[in-house]
**Student:** 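Submitted below is the structure of interest, expressed as structure tokens.
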Amino acid sequence: EGYYQLNLLAHAQLAECSLHSRCGGQCECGTCRVVVLSGQLCPIRKSEQELLEKIGVTDGRIRLSCQAFPASEEILLEVPSQRFPDARLR
């Protein structure tokens with residue numbers, strides 16, 4: 001139950017999973033993208049949607065791990081192996 005209060009970036013850190021985040025989870029850089037393969041996450045917030053649009057992400061399965069919180073017991077994610085450019089440098 002307490003883990004629902006943690007975003008996916010925090011979950012990755014707890015699991016010692018390498019997930020890139022240049023802005024430290026402030027929804028500014030867009031580098032912490034994950035692909036949701038199954039499970040439910042919280043609804044997307046306006047700030048996350050705006051940043052995803054700014055960086056040209058159109059795939060609805062892609063979320064920013066710093067903004068997405070689990071909404072179901074089991075979630076299966078793909079962590080892209082590529083490093084994304086920091087949106088603040090555009």
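Just so it is clear, the model here is predicted, and its values are computed rather than measured. In this chain, numbering begins with 1 at the start of the sequence shown.
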**Student:** Just so I know, are the side chains of Val79 and Cys17 near enough to count as touching, which here means a heavy-atom distance under 4.5 Å?
**Tutor:**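 They are in side-chain contact.
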**Student:** Does any pair with a residue in residues 38-56 pass side-chain hydrogen bond (donor to acceptor under 3.5 Å, both in side chains), and if so which ones, sequence neighbours excluded?
**Tutor:**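 Of all non-adjacent pairs touching residues 38-56, those that pass side-chain hydrogen bond (donor to acceptor under 3.5 Å, both in side chains) are Glu48-Arg63, Gln49-Glu53.
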**Student:** If two hydrophobic side chains count as joined below 4.5 Å and joins carry through other members, does Phe69 share a cluster with Val36?
**Tutor:**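 Hydrophobic grouping puts Phe69 apart from Val36.
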**Student:** Nearest 0.5 Å please: distance from the SG atom of Cys42 over to the CD atom of Gln67.
**Tutor:**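 These two atoms lie 8.0 Å from each other.
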**Student:** For a side-chain contact (heavy atoms from CB on, under 4.5 Å) with Val34, tell me which candidate from Leu41, Ile62, Leu19, Leu64 qualifies.
**Tutor:**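 Going through the options one by one, the only one that passes is Leu19.
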**Student:** Would you compute the distance between atom SG of Cys29 and atom CZ of Phe84 and round it to the nearest 0.5 angstrom?
**Tutor:**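 Rounded to the nearest 0.5 Å, the SG-CZ separation comes out at 11.0 Å.
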**Student:** Under a single-linkage definition using a 4.5 Å side-chain heavy-atom cutoff for Ile, Leu, Val, Met, Phe, Trp and Tyr, are Leu51 and Ile44 assigned to the same hydrophobic cluster?
**Tutor:**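 Yes, same cluster.
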**Student:** Side chain to side chain contact (heavy atoms under 4.5 Å, CB included) with Leu14: which residues, sequence neighbours excluded?
**Tutor:**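 Counting only residues at least two positions away or on another chain, Leu14 forms a side chain to side chain contact (heavy atoms under 4.5 Å, CB included) with Tyr3, Leu6.
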**Student:** What heavy-atom pair brings Asn7 and Cys66 nearest, and what distance separates the two atoms?
**Tutor:**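 Distance-wise, the nearest heavy atoms are ND2-O, 2.9 Å.
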**Student:** With sequence neighbours excluded, give me every salt bridge (charged side-chain N to carboxylate O under 4.0 Å, His left out) pair touching residues 3-12.
**Tutor:**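 For residues 3-12: none.
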**Student:** Taking side chain to side chain donor-acceptor pair (under 3.5 Å) as the test, write out the residues that go with Arg61, two or more places apart.
**Tutor:**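 If we apply the side chain to side chain donor-acceptor pair (under 3.5 Å) test to Arg61, skipping adjacent residues, the hits are Asp59.
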**Student:** Is there a path from Leu8 to Val35 through hydrophobic residues (I, L, V, M, F, W, Y) whose side chains come within less than 4.5 Å of each other?
**Tutor:**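 Not linked; separate clusters.
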**Student:** How would you list, by chain and number, every residue that makes a side chain to side chain donor-acceptor pair (under 3.5 Å) with His20, sequence neighbours excluded?
**Tutor:**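 Partners of His20 under the side chain to side chain donor-acceptor pair (under 3.5 Å) test: Arg83.
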**Student:** Are Leu37 and Leu52 connected in a single hydrophobic cluster, I mean Ile/Leu/Val/Met/Phe/Trp/Tyr linked by side-chain heavy atoms less than 4.5 Å apart?
**Tutor:**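 Same cluster.
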**Student:** Keeping to residues at least two apart or across chains, list the salt bridge (charged side-chain N to carboxylate O under 4.0 Å, His left out) pairs with something in residues 5-33.
**Tutor:**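 Qualifying pairs, neighbours excluded: Glu28-Arg88.
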